[in-house]
Amino acid sequence: QVQLVESGGGLVQAGGSLRLSCAASGSILSLNVIDWYRQAPGKQREFVGRIRPNGFGGFTPMYDRSVKGRFTISRDNAKNTVYLQIDSLKPEDTGVYYCYAPVDSGAGYWGQGTQVTVSS
């Protein structure tokens, strides 16, 4: 089994930045595909982006159209951690941010989430 722990959220003014972390541990020794989702109060959970192997030893991020360049996903293989950098934060970015490890068979693994609150 895999454990995912998000951190780095908090209260920030609009226009500021945050870097969220997703630290993986458990039965895997290195990260594979990791997704980021977020859930605003009263809303459904929505996909933010993904980082995946590129087949040549590196990794490629991809993003949902809605985040439009303000979000950057990266990884630190030595720390077994994936990051979500959010710049130019807006109040509508407020919500709980989750990382998710897909599994070919089964439901995958979710972290517990980290709260991001953006004040205007």
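Cluster annotation: Tyr63 is connected to Trp36 through the hydrophobic network of ILVMFWY side chains, with a link wherever side-chain heavy atoms come within less than 4.5 Å. Under the 4.5 Å side-chain heavy-atom criterion for Ile, Leu, Val, Met, Phe, Trp and Tyr, Val116 and Trp110 are members of distinct hydrophobic clusters. With hydrophobic clusters built from ILVMFWY side chains whose heavy atoms lie under 4.5 angstrom apart, Leu84 does not share a cluster with Val96. A single hydrophobic cluster is not seen to contain both Tyr37 and Val67; linkage of ILVMFWY side chains at heavy-atom distances under 4.5 Å, directly or through other members, places them apart.
Summarising the geometry, atom CG belonging to Asn80 is positioned 8.5 Å from atom CD1 belonging to Ile34; distances are rounded to the nearest 0.5 Å. Going from atom CZ of Arg70 over to atom CD of Gln85 covers 11.5 Å, rounded to the nearest 0.5 Å.
Thr94 contributes a side-chain N or O that, together with a main-chain N or O of Val118, makes up a donor-acceptor pair within less than 3.5 Å. Remark: the backbone N or O of Tyr100 is not paired with any side-chain donor or acceptor of Asp35 at under 3.5 angstrom.
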Let's go through Asp64 and Val48 carefully: what are the C-alpha distance in whole Å and the side-chain angles of both, what is the deciding distance for side chain to side chain contact (heavy atoms under 4.5 Å, CB included) to 0.1 Å, and is it a yes or a no? CA-CA 5 Å; Asp64 187 80; Val48 171; 5.7 Å; no

Chi angles and distances behind the side chain to side chain donor-acceptor pair (under 3.5 Å) call for Arg75, Asn77: CA-CA 6 Å; Arg75 62 185 290 152; Asn77 292 332; 2.6 Å; yes

Under the side chain to side chain contact (heavy atoms under 4.5 Å, CB included) rule, what do Tyr97 and Ile86 come out as? Steps first, then yes or no, please. CA-CA 11 Å; Tyr97 284 70; Ile86 312 175; 3.8 Å; yes

If you apply the rule side chain to side chain contact (heavy atoms under 4.5 Å, CB included), what do you find for Tyr98 with Gln39, and how did you get there? CA-CA 8 Å; Tyr98 300 89; Gln39 188 167 19; 4.0 Å; yes

Test side chain to side chain contact (heavy atoms under 4.5 Å, CB included) on Val33 and Arg50; report intermediate values, then the result. CA-CA 7 Å; Val33 173; Arg50 165 176 290 183; 3.6 Å; yes

Could you tabulate the donor-acceptor pairs under 3.5 Å formed by side-chain atoms of residues 10-21, not counting sequence neighbours?
from: Gln13; atom 1: OE1; to: Ser119; atom 2: OG; distance (Å): 3.2
from: Ser17; atom 1: OG; to: Asp87; atom 2: OD1; distance (Å): 2.9

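Summarising the geometry of Phe59 relative to Gly57, their closest heavy-atom pair is CE1-O, 4.2 Å, with the distance given to 0.1 Å. Of all the heavy atoms in Gly95 and Pro41, the pair that sits closest is CA-CD, 4.4 Å. Nearest heavy-atom pair, Leu4 versus Ala24, reported as atom, atom and distance to 0.1 Å: CD2-CB, 3.7 Å.
Val103 is listed as a side-chain neighbour of Tyr109, based on a closest heavy-atom distance under 4.5 Å.
Taking the charged nitrogens against the carboxylate oxygens, Arg38 and Asp93 do have a contact shorter than 4.0 Å, which makes a salt bridge.
Annotation: disulfide (SG to SG under 2.5 Å) contacts involving residues 70-114, sequence neighbours excluded, comprise Cys22-Cys99.
Other residues, nucleotides and ligands contribute over 12 non-hydrogen atoms within 6.0 Å of the CD atom of Glu92.
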